[in-house]
Amino acid sequence: MPPVPHARPGPGAYAPLGGPTEHREARLTADEERGADARTAVTVFVALGANLVIALAKVIGGLFAGSPALLSEAAHSVADSLNELFLLASLKRSARKPDAEHPFGYGKERYFWSLLAAVGIFVMGGCFSFFQGIEALRADHAESRAGYTAGLIVLAVALLAEGASLLRALAQVHGQARTAGTGMLTAIRTGGDPALRTVLAEDATACFGVLVAMAGMGLHLVTGAVQWEAGASLVIGALLMFVAYQLAAASRGALIGEAVEPALRQAMHAFLDRQPEIDAATSLLTMRLGPRSMLVAARIDLFGGLDSEEVEEVLVRIKRAMREEWPTADQIFLDVTEASPGDRARARRERRQLDEAVVAERQRHAEGRRRGG
């Protein structure tokens with residue numbers, strides 16, 4: 001097809017701040033995707049095994065010591081064990097192929113089961129910890145030095161097991177960050193796998209919660225004041241509720257139709273602007289369909305002089321090029337329409353807002369790196 005005799009950029013184009021932004025995703029073959037899911041499954045199984053053993057040990061130690069903080073940690077481990085089963089279900093169910101009832105696939109199963117896991121953390125972990133803390137303040141609690149010593153030993157073992165599970169999750173995140181060429185914090189914030197993010201949050205919270213429980217039990221044992229241990233239970237409950245809220249908010253956004261990150265949308269706009277046949281891209285809508293699935297819908301105005309066959313060839317070429325650039329963009333829809341002056345003005349306004357969002361996001365990341373350093 002002969003090139004369209006028009007120069008770029010067209011009247012509707014709007015250049016991103018600082019020039020075109022390159023935003024590439026890690027290219028994963030089908031075998032690599034299955035391998036990534038297998039590694040996540042191993043991470044979840046490791047966390048499940050650790051939580052089951054720890055939950056049993058904490059229940060026995062908590063009942064023997066009569067420790068509310070230790071029983072709170074036991075509830076936390078029981079909730080985590082149930083959550084790992086949810087996450088394993090999400091890995092299996094989300095891998096199903098698209099069908100007539102779900103033409104865009106089952107990728108959002110990951111977010112649904114992660115939402116259930118967050119609810120489990122909130123109810124079984126956070127609420128029970130608050131209950132234990134309040135009951136400890138109301139009850140006439142008698143301490144047993146031998147029992148508390150046994151409880152502290154149980155917590156020390158739990159810390160080692162939870163720490164091993166956390167290191168396994170961090171190692172997987174580190175591998176993903178290295179593949180994507182980003183830092184660990186960025187990989188954690190923007191990671192698309194909710195199962196891995198949930199395990200990481202659970203393990204990190206569990207390690208901190210064990211330390212808090214150990215401090216509360218130790219101070220109770222030394223001072224004889226139950227307020228220390230009750231306070232530890234309340235702190236653990238508040239922490240679990242906060243983590244549960246953050247995980248639920250992330251799953252909620254994905255379930256109701258969350259767009260991809262601003263930098264990726266900006267890169268897609270820049271890609272469309274570079275196409276010689278496109279006069280203006282007046283609308284670009286995106287939605288995450290799963291950890292490795294994305295819907296892209298764009299309304300474009302082509303330059304004149306193209307017949308129907310050439311238009312079809314242009315659309316096929318652009319879609320193919322977008323899939324090569326962003327492999328997760330497996331659902332791409334291009335709507336060819338004539339852009340009115342109002343459409344062009346709105347598109348320029350939305351592009352400015354998008355560029356501002358990208359700059360703000362980069363500033364937040366830079367600030368986070370400075371604080372981390």
Side-chain angles (χ1 to χ4, degrees), residues 41-88 117 120-136 139 141-171 198-222 226 228-241 243-244:
V42 170
T43 299
V44 175
F45 271 117
V46 169
L48 175 61
N51 284 323
L52 288 174
V53 172
I54 294 168
L56 180 60
K58 287 177 180 177
V59 168
I60 295 174
L63 293 175
F64 180 69
S67 167
L70 192 52
L71 289 175
S72 296
E73 274 300 299
H76 180 191
S77 295
V78 170
D80 285 352
S81 300
L82 180 60
N83 293 339
E84 313 308 343
L85 297 178
F86 288 156
L87 298 180
L88 289 174
I121 294 174
F122 185 91
V123 176
M124 297 182 63
C127 293
F128 185 77
S129 294
F130 263 100
F131 171 78
Q132 284 294 118
I134 294 173
E135 283 296 304
H141 185 69
E143 306 86 34
S144 167
R145 182 172 295 272
Y148 267 39
T149 301
L152 289 172
I153 293 174
V154 170
L155 285 178
V157 174
L159 182 60
L160 293 177
E162 295 284 11
S165 179
L166 177 60
L167 289 176
R168 163 72 198 189
L170 287 174
T198 301
V199 170
L200 187 61
E202 285 180 349
D203 289 343
T205 305
C207 288
F208 183 78
V210 168
L211 293 175
V212 172
M214 292 177 71
M217 288 182 64
L219 290 171
H220 184 188
L221 184 61
V222 171
V226 72
W228 288 108
E229 197 169 347
S233 293
L234 295 176
V235 169
I236 293 170
L239 177 64
L240 290 173
M241 288 182 173
V243 171

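Remark: Phe122 engages no residue in a ring pair (Phe, Tyr, Trp, His ring centres under 6.0 Å) (not counting sequence neighbours). Residues passing the side-chain contact (heavy atoms from CB on, under 4.5 Å) test with Leu166 are Leu170, Leu200, Asp203, Ala204, Cys207, sequence neighbours excluded.
Counting heavy atoms from C-beta on, the side chains of Met241 and Cys127 come closer than 4.5 Å. The shortest side-chain heavy-atom distance between Glu84 and Thr198 does not fall under the 4.5 Å cut-off. Counting only heavy atoms from C-beta outward, the side chains of Trp228 and Val222 never approach each other to under 4.5 Å. Leu219 places none of its side-chain heavy atoms less than 4.5 Å from the side chain of Glu229.
In this structure, CD on Glu162 lies 10.0 Å from OG1 on Thr205, to the nearest 0.5 angstrom. Note: Ile236 CD1 to Leu239 CG = 8.5 Å, rounded to the nearest 0.5 Å. In this structure, the separation between CG on Leu234 and OG on Ser129 is 9.0 Å, given to the nearest 0.5 Å. If you take CD on Glu202 and CG on Asn83, they are separated by 4.5 Å, rounding to the nearest 0.5 Å. A distance of 5.5 Å separates CG of Leu155 from CE of Met217, quoted to the nearest 0.5 Å. Here CG of Leu48 is found 10.0 Å from CG of Leu87. Values are rounded to the nearest 0.5 Å.
Between Ala213 and Ala232, the closest heavy-atom pair is CA-CB, 4.4 Å. Taking both residues in full, the closest heavy atoms of Ile121 and Leu240 are given as CG2-O, 3.6 Å, listed atom of the first, atom of the second, then distance. Heavy atoms only, all atoms of each residue included: Ile54 and Ala158 are closest at CG2-CB, 3.5 Å. Taking each heavy atom of Ala161 and Ala50 in turn, the nearest pair found is O-CB, 4.1 Å. Closest heavy-atom contact between Val199 and Ala47: CG1-CB, 4.0 Å. The two residues Asn51 and Ser81 have their closest heavy-atom pair at CB-OG, 3.2 Å.
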